[in-house]
Amino acid sequence: MNYWLVKSEPDDFSLKDLEALGSDGEGWNGVRNYQARNFMRDDMALGDLVLFYHSSCKQVGVVGIAKVVKTAYPDPSQFDPDSKYFDSKATVDTPRWFQVDIAFERALRRVPLSAMKANAKLAGLALIKASRLSVMPVSTEHFAEILKMGEVT
DNA sequence: GCCAACGTTGGC
DNA sequence: GCCAACGTTGGC
């Protein structure tokens, strides 16, 4: 079992939006960063748990947990000329971008970015290392610690 | 809205 | 293959 973190702008797509989609979840499309793509394409497995992070908003932080319900397949938006994610260099035979499906698992009490930065146990977390990655791995220890911080007591 | 960080592109 | 210019992300 691997653990992950994905970022989403809640104005665009929030945890509540994911929850509303039920157990089929959502295709995590539009990722256009090679490192993030490689994580999804090569390493994400069925049942992996994913911290859901709200970025670019008033209250940034981890707000819940999602689960990988479908492993990597080509991101259809790369083939759609009307999509803002269209990539003219991608073809059906040689897709460039991949996505997985994730579904809502449960909400957490929000764990603010500031609290994660202040927690010495979370040193080295990719999120804190100012990475602009939108999909990143999280160690088992870091995942457990963030979960602990987000449990409603 | 500002701006720092940093990934990507393209000329050479 | 280097590196400057450019565009995007994302916290504040």
Side-chain angles (χ1 to χ4, degrees), chain A residues 2-21 25-44 48-68 72-139 141-151:
Chain A
N2 293 311
Y3 299 100
W4 307 94
L5 182 147
V6 299
K7 294 177 182 173
S8 186
E9 299 186 17
D11 291 344
D12 186 41
F13 190 85
S14 71
L15 184 69
K16 283 239 181 298
D17 294 328
L18 185 65
E19 183 173 13
L21 292 174
E26 166 81 348
W28 208 245
N29 66 2
V31 172
R32 294 295 180 267
N33 169 285
Y34 288 105
Q35 226 184 327
R37 177 204 69 181
N38 293 346
F39 286 135
M40 288 199 293
R41 187 189 60 187
D42 304 334
D43 301 321
M44 272 197 184
D48 280 1
L49 295 179
V50 180
L51 296 168
F52 199 94
Y53 179 87
H54 280 174
S55 68
S56 297
C57 59
K58 285 234 175 76
Q59 302 193 306
V60 296
V62 171
V63 292
I65 302 188
K67 187 168 68 176
V68 175
Y73 59 100
D75 177 344
S77 66
Q78 70 193 303
F79 309 125
D80 176 5
D82 295 327
S83 168
K84 66 172 173 172
Y85 299 121
F86 178 66
D87 185 338
S88 60
K89 291 177 186 153
T91 68
V92 176
D93 287 337
T94 56
R96 177 178 290 194
W97 304 110
F98 289 79
Q99 66 185 66
V100 299
D101 287 358
I102 64 170
F104 177 82
E105 188 74 9
R106 65 194 178 91
L108 295 172
R109 185 178 59 184
R110 186 177 65 95
V111 181
L113 177 62
S114 57
M116 290 189 276
K117 283 180 175 171
N119 186 338
K121 288 182 186 164
L122 296 180
L125 189 68
L127 181 72
I128 293 171
K129 286 189 290 181
S131 172
R132 293 179 309 145
L133 267 182
S134 59
V135 176
M136 68 190 78
V138 176
S139 72
E141 294 75 19
H142 285 165
F143 184 87
E145 180 64 20
I146 293 168
L147 209 61
K148 204 167 92 185
M149 295 168 79
E151 296 296 353

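Within every chain, numbering begins at 1; the chains are lettered A, B, ... in the order of the sequence lines, protein sequences first and strands thereafter.
Of the N and O atoms on the side chains of Ser14(A) and Asp17(A), at least one donor lies less than 3.5 Å from an acceptor on the other residue. Between the side chains of Asp75(A) and Ser77(A), at least one donor N or O sits under 3.5 Å from an acceptor N or O.
The CE-C1' distance, from Met116(A) to dG10(C), rounds to 13 Å in whole Å. One atom, NE2 of His54(A), and another, C1' of dT9(C), lie 17 Å apart when rounded to the nearest Å. Between Leu5(A) atom CG and dG10(C) atom C1' the separation is 14 Å, expressed in whole Å. Straight-line distance from the NZ atom of Lys58(A) to the P atom of dG1(B): 13 Å, rounded to whole Å. One interatomic measurement links the two molecules: OH of Tyr34(A) to P of dT8(C), which rounds to 15 Å at whole-angstrom precision. Between the CG atom of Leu125(A) and the P atom of dG11(C) there is a distance of 13 Å, given to the nearest Å. Arg32(A) places its CZ atom 19 Å from the C1' atom of dG10(C), with the value rounded to the nearest Å. Counting to the nearest Å, the C1' atom of dG7(B) and the CG atom of Asn38(A) are 14 Å from each other.
For Gln35(A) and Lys89(A), each mapped to the nucleotide of DNA chain B holding its nearest heavy atom, the one lying further toward the 5' end belongs to Gln35(A).
Side chain of Arg32(A) to backbone of Tyr85(A): a donor-acceptor contact under 3.5 angstrom is found.
Contact annotation for Lys117(A): backbone-only contact, meaning every heavy-atom pair under 4.0 Å involves sugar-phosphate atoms and none involves a base. Nucleic acid contact for Leu133(A): sugar-phosphate only, since backbone atoms but no base atoms lie under 4.0 Å from a heavy atom of the residue.
Shown here for Asn119(A) and Lys121(A), the closest heavy-atom pair between the two residues is OD1-N, 2.8 Å. The two atoms that bring Tyr53(A) and Val60(A) nearest to each other are OH-CB, 3.7 Å, heavy atoms only.
Applying the 4.0 Å criterion to OP1 and OP2 of dT9(C), one finds that Tyr53(A) has every side-chain N and O outside that range. Look at Lys7(A) and you'll find a side-chain N or O under 4.0 angstrom from OP1 or OP2 of dG10(C).
Set against dG7(C), dT8(B), dG11(C), the side chain of Arg132(A) has dG7(C) as its closest nucleotide.
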